[in-house]
Every structure is written in structure tokens, then in C-alpha cells.
Amino acid sequence: MTASTDSDMTASPDAPEAADPAAEPAVARPASVRGRLVSATARRSRPASARRRRRSSTLVLSLALMATGVLWTVLAPSGSAQDSAADSAAVREGRALYLQGCSTCHGLNAAGTVSGPSLIGVGEAAVDFQMSTGRMPLAKPGAQAERKEPSYSQVQIDQIAAYIQTLGGGIEKPEVSEEALADADLMFGGELYRANCAQCHQAAGEGAPLTYGKYAPALTNATPEQIVEAMRVGPESMPVFAESQIDEEGATAVAAYILHMRDTPSPGGHKLGSYGPVPEGLLAWLVGIGGLLGVCLWIGARQKV
């Protein structure tokens, strides 16, 4: 009994150690439980990654906005916002002036009435020509509007022209600089003038009568801008010369030739109005032949005495 008991109580070297009663029993977790634990760990690490991505996106967006602002500052045309605001103000002022002084004849919407034509699509060049030469507002009905002192200042004319330009567009007001006039080819301008203008405005630009009470006005008081505007819009009986016929360089040359022709002193003495050989011949007959006849009569009277 004792031997058997001792042999039973003696532990075999290969036998497992006795479990500690105080230790927790090992429990095998199911696969679903292990998956939930992995998911919880991933969820705990996910906010940190999202915060890092948001910080990176914010940094990239800030750099992009800064780069865009720098490029806009360097490349954008200066004063565009101010120019747009000034243009809008000019249009508003021009509309107010139009409604006050022009709408009676041309209509509240510039569509024309029985007293005046439509101004939609005529452009600011036509408005500047008619108003800067004083032809509009019209003083009185007639075969042709006459040139007179302007009723509006140039600033007001530009405002009305800006408003009309918004109504269907049209030919814009030309800009003829002093440098362009100084560099213009006078010989070329003279050829163009004699070929296209002298038939009506006379060789020296003094004007001439036309049919039905109309006339080609003298160019003695026309500015370079008014000359180019008249060529582009064709007021009254004047034909329109588009850029396909006379380009900008040619129009500037014509204006420069007219200025040179009227401002250059006559080498032959008094111009006699620059009306050509007819008044010069008439003056020769009246003064020359009349003087000779007077001398002959004086000689005959002395011989009788």
C-alpha cells in the first residue's frame, strides 16, 4: 500500500505541472471575437490618420491659394476693377444725360421716333462726331445739320457715347495721338485725300455745295478724331470708308495731310479762300483788266485836254 501510494504520488518527469488554482483558466476566443478586437484597434488608429490627412490637405490648399494670389498680383491687369467701376459710372451718367436731352427725339430706349433715327448699334464714334461738332442736338430742321459750338462738354459727350455703346455696340471712338500724326506719311495721305475726298470737300478742304440743299462742309475746324470718325461712320451724305478700304494707318495719314494742308502758309501769297483757279481768274480779270481799262481811260482823257 505504501509503495503504491508513493509511486502514485511521485510525479513523472513528462507529466504536466499541476495547474495553479489561483490562475485564470485559459479560454480560447472564437474567430468572431478576435475580428472585433482587430476592428477596434483599427478604429483607434484611424482618427490619427484622418487628422494627418486633413492637416496635409489644409497645408496644400493654403499654399495653392497663396500661389494663386501671387500669380494674380503679378499677371493681372492693373486697375481692371477700378476701370470697370468707372465705366459703369460713366454709363449711368450718360443714360441720365440722354434721357434729359436726347430721348425726346430718339426715344426713351434709343429706338428712334418720327423725329429722330434709332441710335441702337451706331456706336460711340457717331455720337462723338455729331455732338462734338455741335450738330446734335439739332438746332433746327433742315436739309443738313450745321456745325456749331457743342452744347455739352467733352466729358458729358463721352458719357453719352459710353451709354450708346452699350446699346448694340458699334464703332468705337478712335484715338489719334500726336505721335501717330507726326509719323504719318503725308504723301500717302494726300493721294488718298485727292482720290476719295477732294471731289466733295474740294482740293484744299474748303467744302463745296451738293444737291438738294446739302453740302460738303469745310474741314478747317475738324479735329483729327472728327476726321477719322467721319470716315468710319459716314455722316450726312458722306460715304463710309471701312478699314478694309482705308486702314487705320491710311486714315491717320489723311487726317495728318488735312492738318498740314490748312496750317501750312501759302507760298504764293494770300490763298483767296483756297477755292482754286476760278476765283483767282475772276480776281485777275476784275483787278488786272479793270486796272488796264482805267489807265487807258485816264490817258485818253488827258489827250483831250
Side-chain angles (χ1 to χ4, degrees), residues 76-178 180-181 214 217 219 221-248 251-252 254-255:
S78 60
S80 58
Q82 291 84 348
D83 293 343
S84 300
D87 292 342
S88 299
V91 171
R92 289 195 299 270
E93 294 293 335
R95 184 176 186 274
L97 291 170
Y98 172 85
L99 293 175
Q100 181 181 7
C102 312
S103 60
T104 303
C105 294
H106 297 283
L108 294 176
N109 297 321
T113 65
V114 293
S115 302
S118 171
L119 299 181
I120 298 176
V122 300
E124 60 182 3
V127 176
D128 183 74
F129 175 83
Q130 296 289 351
M131 299 191 70
S132 65
T133 59
R135 290 179 167 87
M136 293 292 162
L138 189 65
K140 58 181 179 179
Q144 184 167 319
E146 298 181 358
R147 185 183 183 113
K148 63 181 186 300
E149 287 296 321
S151 302
Y152 294 85
S153 67
Q154 188 59 50
V155 174
Q156 293 174 323
I157 293 173
D158 292 338
Q159 292 171 345
I160 296 176
Y163 168 65
I164 297 300
Q165 185 69 22
T166 63
L167 305 178
I171 301 176
E172 297 181 355
K173 178 182 176 181
E175 296 182 0
V176 185
S177 63
E178 294 292 337
L181 291 173
K214 297 184 178 182
L219 304 177
N221 296 321
T223 64
E225 290 79 10
Q226 291 170 354
I227 293 172
V228 177
E229 287 169 349
M231 296 174 66
R232 297 304 186 212
V233 303
E236 304 292 347
S237 300
M238 183 171 175
V240 176
F241 295 94
E243 291 192 9
S244 58
Q245 298 170 292
I246 300 178
D247 58 10
E248 182 179 355
T252 304
V254 171

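For this chain, numbers begin at 1 and follow the sequence in order.
- Atom CD of E248 has 12 or fewer neighbouring heavy atoms from other residues, nucleotides or ligands inside a 6.0 Å radius.
- For the pair L97/Y163, no side-chain contact is recorded, criterion being any heavy-atom separation below 4.5 Å from C-beta on.
- Side-chain N or O atoms of E124 include none that pairs as donor or acceptor with a backbone N or O of Q165 at under 3.5 Å.
- Atom CZ of R135 has more than 12 heavy atoms from other residues, nucleotides or ligands within 6.0 Å.
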Worked check of side chain to side chain contact (heavy atoms under 4.5 Å, CB included) between I164 and V122: CA-CA 8 Å; I164 297 300; V122 300; 3.8 Å; yes

With a cut-off of 3.5 Å and sequence neighbours excluded, list every side-chain donor-acceptor pair involving residues 106-114.
residue : atom : partner : partner atom : Å
H106    : ND1  : P117    : O            : 2.8
T113    : OG1  : C105    : O            : 2.3
T113    : OG1  : S115    : N            : 3.1

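- Distance check: Q100 CD to I160 CD1 gives 9.0 Å after rounding to the nearest 0.5 Å.
- No hydrogens or angles considered: a donor-acceptor pair under 3.5 Å links the side chains of S132 and Q226.
- In this structure, the side chain of E93 does not engage the main chain of A90 through any donor-acceptor pair within 3.5 Å.
- For I171, the side-chain contact (heavy atoms from CB on, under 4.5 Å) partners at least two apart in sequence or on another chain are A125, R232, V233.
- Scored by the ring pair (Phe, Tyr, Trp, His ring centres under 6.0 Å) test, Y152 finds no partners at all (sequence neighbours excluded).
- Going from atom OG of S151 over to atom CE of M131 covers 7.5 Å, rounded to the nearest 0.5 Å.
- A distance of 8.5 Å separates OG1 of T252 from CG of D247, quoted to the nearest 0.5 Å.
- Here CG of L138 is found 11.0 Å from CD of Q144. Values are rounded to the nearest 0.5 Å.
- The main-chain N or O of P217 is never found under 3.5 Å from a side-chain atom of R147 such that the two would form a donor-acceptor pair.
- Looking at heavy atoms from C-beta onward, R95 lies in side-chain contact with L99 at the 4.5 angstrom threshold.
- Atom CG of D87 is separated from atom CZ of R92 by 10.5 Å, given to the nearest 0.5 angstrom.
- Put simply, CD on Q159 and OG on S153 are 7.5 Å apart, with the number rounded to the nearest 0.5 Å.
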